[in-house]
Novice: 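Take this structure first; my questions come after.
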Amino acid sequence: MLTNTAVFQNSSTNEAALEVLNGSATITKQPSKKTGKPKKKVESTTAAAKSAKIQTPQDMSKPIQRHKSKLIPMYPPVGKSVVVVESVTKAKVIQGYLGNMYEVMPSYGHVRDLAARSGSVRPDEDFSMVWEVPPNSWTHLKSIKVALGGADNLILASDPDREGEAIAWHILEMLQQQDALHENHTVTRVVFHEITEASIKRALQAPREIDENLVHAYLGRRALDYLIGFNISPVLWRKLPGCRSAGRVQSAALSLINDRESEIDEFKPQEYWTVNAEFKSKSFAFSAHLTHFDSKKLNQLSISSDLQAKDIDKMVNSEKFLVVASKTSNARRNPPTPYITSTLQQDAAYRLHFPTSYTMKLAQKLYEGVQLPDGKAVGLITYMRTDGLHISDEAVEEIRSLVSERYGAEYVPETARKYFKKVKNAQEAHEAIRPTDIRRFPSMLVGILDEDALKLYTLIWSRTAACQMTPASLDQIQLDVGNASESIVFRSSLSRVNFRGYKAVYEDVESEAIKLKENDANDRDGSYGVLDSLKEGDSLSLGEVEVKQHHTQPPPRYSEGSLVKKLEELGIGRPSTYASTLKVLQDRDYVTVKSRVLYPEFRGRMVSAFLSHYFSEVADYSFTADMETELDNVSAGMTEWKGLIRDYWTRFDSHCTTAKSVHIHQVEKMLEKTFGDFLFDSLPNKSRTCPSCNEGTLIFKVSKVGAGYFLGCNKHPNCKYIAKTLYGEDDLVGVEHDGPPAPRDSAVFEPKLLGLNPGSGEEVSLRRGPYGFYVQKGDRGAGYSPKRVSVTHIKDVDAITLEDALEILKFPITLGKHPKDKKPVLLRLAKNGFSLKHGARMVSCPKSWKQNDITLEKAVTLLAGSKTSQCGRPKKGPKLEGDEEA
């Protein structure tokens, strides 16, 4: 039984948000956009609820189909129909297919979502949910409602996945709440996997009801993600300032990235050596690598020192060599499977260097359609969010026909290739990603698609053609060269393409945009012929012997493509969530991307450590993977959704209770223990004794103000020494700055010592804070705050010398007292020259003004002009009635 709670606004005024709870409504006035003044909170009566047309929570055991109308084909038209899809582009394309008896309207995605505040999912009230409708969505819903006034049918045609099913359900719920549907309306749900005229009309001929199980799976996922996010995030804010959120899939992905970083940190490289030799026979030569020495097979680390390598080099040069074995074989390389969402993201990252979010944006564009030169609009690819590998029989026959015509009958297998992937819910096993028409070649879309969209289409077109072609055939040869006793053996291996098979499509001129650089095939074939001509017992002369030192390498950091592959292998999340997950990690400054490689920021590493320590179950990869499996079971109707989330919530809630009771000092000690090497090894003095008081010990601390972290003396407040700040507001103290905080490309910037102040002997250093670089004179100590001045106006901060810094530290300069209020008038450095400050008033000096030309009289005149601005926080006005409630 699904009991739903709705929040919606009055469609005529857009001023009120109505929460429906246990049959009563509370009307909360929202702040006015024009005035920002809060309104009064008003308790509604039964009459008010009735006038707002609020429905009380209903029995949701059969919540979807409320219109008892017989499902009949919607094409050919049976009266006037309103068709609702997600986007304007899709609506325009489909409208062109259907004609005037259908009005195709966009919903612009979801029309409502869980209210983005605490308490929107209520476990104590049988997991009732509070929904809210964004202001823009009311406009779209009103348009649909008006259109329904003159229509007989409502056709919900959102995307064919769990999210699309939820959109259709939300639209139906909201239209019912607004009394937009009547008994004579027929409501149907249709799905299609490609936007072509034939596919759309075929879908209209097979309508169905909204799938209750898919909606329940959506509700279960949405509720769990909300409960996890809205309960972990407040704990993070309090224990780790500046760490803004931690979602379910997001936390697992971040954990993978940080675990790999820990592997790299702990990795100890090992030395090893390789031995390669050149062998000659008559007029040709080839190279081979050492595989056996002293009659023992070598592994990667067998030769571990320079001494061993030199001994082997000496032994090899003293021997005579001949061919001791030759082996040829044939291998087949099967064609790749057609694309699903995750493999498309991986291949686009590898071949085209596209981020996952950009790949999905382009794929959405290809799916929704473009206008062709003949004036027709058509979708170019099938639905791009899919786990399914199968291709429709009609499309397979068309692909096989094209392959036979373009490459020859020998490139077409006797029977069509079938691809399957185990999908727990057959209702979500959509077609693979393919062109809607395989005969629409990439070259035909030049000038219609932009360069990147064309590359992605080419990638999909090539892969789709290749998946229905014959395997490639390769000839392989393995030649062993040894001394007479065969105690020393070298091996040379090569392969060449005997039959191109599916590889022919990647050599096609149509695939030019995605070709990878490969070794010259002619050179490979020539080298193969050299090895194939040698027979066992043939003598060879030894050429140059190369002994080379290597070191084992740590596991590589994840790229976006390799992380998507790992998430898919572990069953974490769903393909449709990967792009948004990676974007959130970057937006939260948990991860940065450099040269397409994902690097964890220290903030992200702290979050992972905190979750692993206090929310161990959530951080466990199997937690998210198991949850996905259970949600698939809900989609298939095998599991009751509320029982599922009740089980997960009970376990998760106990972790939240424990974490909330943890003192901040415990968190500091845990992080110091986890990241001690990273935090303290970069300090000039390896000793952790405080250099200021010589009594205290440097420890990791969370700042009590702002969102900073620092290494400071444990004798605080008697000693206020700070050795290093991380993401700190501390860098801001005493620094004059203009504009927003500067973007960071590193978690920690080590101070650069410029020299000593000749007068006082204090250190003068270059540092970086949230607002950019600044110079500082002295260090923080007991009762002393060092002087700091921003240098954001200097482009090349590395060129700043001690003399430059001392001149900069003279600012701000007091020009004198203002004649009116006797407050000082200050001359400050600014991004484009100088600025003046008097109390809370500021003004920029003309660029032509030089420092020596700026007098108090000039400053007073400029400050009296119209170009001044206010700085600092505005004074608090009197408290308005209703502020507390607002």
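For reference, positions follow the sequence shown, starting with 1. Only this structure's heavy atoms are used, side chains among them; waters, hydrogens and symmetry mates stay out.
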Novice: Below 4.5 Å, heavy atoms only, C-beta onward: do S765 and V775 meet side chain to side chain?
Specialist: no
Novice: Verify, without hydrogens or angle tests, whether E672 (side chain) and I699 (backbone) share a donor-acceptor contact under 3.5 angstrom.
Specialist: no
Novice: Of all residues at least two apart in sequence or in a different chain, which pass the salt bridge (charged side-chain N to carboxylate O under 4.0 Å, His left out) check with K810?
Specialist: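 E807.
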Novice: Output, in order, the C-alpha distance, side-chain angles, deciding distance and verdict of side chain to side chain donor-acceptor pair (under 3.5 Å) for R841 and T868.
Specialist: CA-CA 6 Å; R841 296 177 66 81; T868 58; 2.5 Å; yes
Novice: Are any non-hydrogen side-chain atoms of L114 and V130 less than 4.5 angstrom apart?
Specialist: no
Novice: May I ask you to decide if T801's main-chain N or O and D804's side chain share a donor-acceptor pair within less than 3.5 Å?
Specialist: yes
Novice: Grab the two heavy atoms, one from K837 and one from G839, that are nearest each other, plus how far apart they are.
Specialist: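 For K837 and G839, the tightest heavy-atom pair comes out as NZ-O, 3.4 Å.
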Novice: Is the backbone N or O of R767 less than 3.5 Å from a side-chain atom of K752, with the two atoms forming a donor-acceptor pair by type?
Specialist: no
Novice: Would you confirm whether S233, through its side chain, and F230, through its main-chain N or O, come within 3.5 Å as a donor-acceptor pair?
Specialist: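 Absent.
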Novice: For D452 and Y358, work out which heavy atoms get closest and say how close.
Specialist: OD2-OH, 2.7 Å
Novice: Which value, rounded to the nearest 0.5 Å, describes the distance between R588 atom CZ and Q250 atom CD?
Specialist: 6.5 Å
Novice: Any donor-acceptor pair under 3.5 Å linking the side chain of Y590 with the backbone of V584?
Specialist: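 Side chain of Y590 to backbone of V584, a donor-acceptor pair under 3.5 Å: no, none is there.
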Novice: Taking all non-hydrogen atoms of both residues, which atom of A859 and which atom of L815 are closest, and how far apart?
Specialist: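 Looking at all heavy atoms of both residues, the shortest contact is CB-CD1, 3.9 Å.
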Novice: Between C243 and R603, is the side chain to side chain contact (heavy atoms under 4.5 Å, CB included) condition met? List the steps.
Specialist: CA-CA 7 Å; C243 300; R603 178 181 283 116; 3.5 Å; yes
Novice: Side chains of residues 606-615: which donor-acceptor pairs under 3.5 Å do they make with residues two or more places apart or in other chains?
Specialist:
from	atom 1	to	atom 2	distance (Å)
S608	OG	N258	ND2	2.7
S612	OG	S608	O	2.9

Novice: Could you walk me through whether V591 and L254 pass side chain to side chain contact (heavy atoms under 4.5 Å, CB included), step by step?
Specialist: CA-CA 8 Å; V591 171; L254 180 62; 3.9 Å; yes
Novice: Between the main-chain N or O of G778 and the side-chain N or O of E763, is there a donor-acceptor pair closer than 3.5 Å?
Specialist: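 Side chain of E763 to backbone of G778, a donor-acceptor pair under 3.5 Å: no, none is there.
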Novice: Quick one: are Q270 and H551 in side-chain contact, heavy atoms under 4.5 Å?
Specialist: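 Sidechains of H551 and Q270: no contact.
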Novice: So which heavy atom on P812 is nearest to which on R828, and how close?
Specialist: CB-CG, 3.9 Å
Novice: Is it true that D259 and R605 have a side-chain N and a carboxylate O under 4.0 angstrom from each other?
Specialist: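 Answer for the salt bridge query: no.
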Novice: Is there side-chain contact between L256 and L570, with at least one heavy-atom pair below 4.5 Å?
Specialist: yes
Novice: Nearest 0.5 Å please: distance from the OG atom of S692 over to the CG atom of L698.
Specialist: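 Atom-to-atom, S692:OG and L698:CG are 10.0 Å apart.
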Novice: Looking only at non-hydrogen atoms, find the nearest pair between L862 and C845 and report the distance.
Specialist: CD2-CA, 4.0 Å
Novice: Check whether NZ of the Lys or CZ of the Arg R260 lies under 6.0 Å from the centre of the six-membered ring of Y558 and within 45 degrees of that ring's axis.
Specialist: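 Judged by the rule (NZ or CZ under 6.0 Å from the ring centre, within 45° of its axis), R260 counts as positioned above Y558.
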Novice: Any chance the side chains of D265 and S262 put a donor and an acceptor closer than 3.5 Å?
Specialist: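 Per modelled atom types, D265 and S262 side chains form no pair under 3.5 Å.
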Novice: Any chance you could measure L856, atom CG, to L827, atom CG, to the nearest 0.5 Å?
Specialist: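 It is 11.5 Å, given to the nearest 0.5 Å.
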Novice: Are F602 and F675 an aromatic pair by the rule of ring centers under 6.0 Å?
Specialist: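 They qualify: ring centres under 6.0 Å apart.
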Novice: Please step through side chain to side chain contact (heavy atoms under 4.5 Å, CB included) for the pair I228 and F623, ending with a clear verdict.
Specialist: CA-CA 12 Å; I228 291 174; F623 173 83; 3.9 Å; yes
Novice: Does NZ or CZ of K594 lie under 6.0 Å from the centre of the six-membered ring of Y599, at an angle within 45° of the ring axis?
Specialist: yes
Novice: Please give me the minimum heavy-atom distance between G696 and C713, naming the atom from each residue.
Specialist: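 The pair with the smallest heavy-atom distance is CA-SG, 3.7 Å.
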Novice: Have Y226 and D113 got a donor and an acceptor in their side chains that come within less than 3.5 Å?
Specialist: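 On atom types as modelled, these side chains do not qualify, holding no pair under 3.5 Å.
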Novice: Heavy-atom distance under 4.5 Å between the side chains of I264 and R557, does that happen here?
Specialist: yes
Novice: Taking the six-membered ring of F680, is NZ or CZ of R688 closer than 6.0 Å to its centre and within 45° of its axis?
Specialist: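 Verdict for F680: a cation-pi partner in R688.
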Novice: Do the side chain of D853 and the main chain of W849 share a donor and acceptor less than 3.5 angstrom apart?
Specialist: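 No.
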Novice: Rounded to the nearest 0.5 Å, what's the gap from OH on Y721 to CG on N694? Could you check?
Specialist: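 So the gap between those two atoms works out to 10.5 Å.
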Novice: Just verifying a value: how many Å separate I232 CD1 and R248 CZ, rounded to the nearest 0.5 Å?
Specialist: 11.0 Å
Novice: Among Q345, K583, E560, find the residue that satisfies the side chain to side chain donor-acceptor pair (under 3.5 Å) test when tested with T356.
Specialist: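 Considering Q345, K583, E560, a side chain to side chain donor-acceptor pair (under 3.5 Å) with T356 is found only for E560.
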Novice: Are any of the side-chain heavy atoms of L766 and Y774 separated by less than 4.5 Å?
Specialist: no
Novice: Determine whether a donor-acceptor pair (N or O, by modelled atom type, separation under 3.5 Å) exists between the side chain of T657 and the backbone of D653.
Specialist: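 A pair under 3.5 Å: yes.
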Novice: Is it true that the side chains of H838 and D821 contain a donor and an acceptor less than 3.5 Å apart?
Specialist: yes
Novice: Would you sort out whether T814 and V825 count as a side chain to side chain contact (heavy atoms under 4.5 Å, CB included), showing the intermediate values?
Specialist: CA-CA 6 Å; T814 302; V825 176; over 6 Å; no
Novice: From S251 OG over to D620 CG, what is the distance, rounded to the nearest 0.5 angstrom?
Specialist: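 The CG atom of D620 is 12.5 Å from OG of S251, to the nearest 0.5 Å.
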Novice: Using a 6.0 Å cut-off, check whether atom NZ of K817 has over 12 heavy atoms from anything other than its own residue.
Specialist: no
Novice: Look at the side chain of K724 and the backbone N and O of L679, then say whether any donor-acceptor pair between them is shorter than 3.5 Å.
Specialist: yes
Novice: Using side-chain heavy atoms (C-beta onward) and a distance below 4.5 Å, is L582 in contact with L598?
Specialist: yes
Novice: Between Q666 and H663, does the side chain to side chain donor-acceptor pair (under 3.5 Å) criterion hold? Intermediate values first, please.
Specialist: CA-CA 5 Å; Q666 293 174 269; H663 195 276; 5.8 Å; no
Novice: Is there a donor-acceptor pair under 3.5 Å between the side chain of S661 and the backbone N or O of T658?
Specialist: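 Yes; judged by distance alone, with no hydrogens or angles, the pair exists.
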Novice: Do the side chains of F811 and Q851 get nearer than 4.5 Å, heavy atoms only?
Specialist: yes
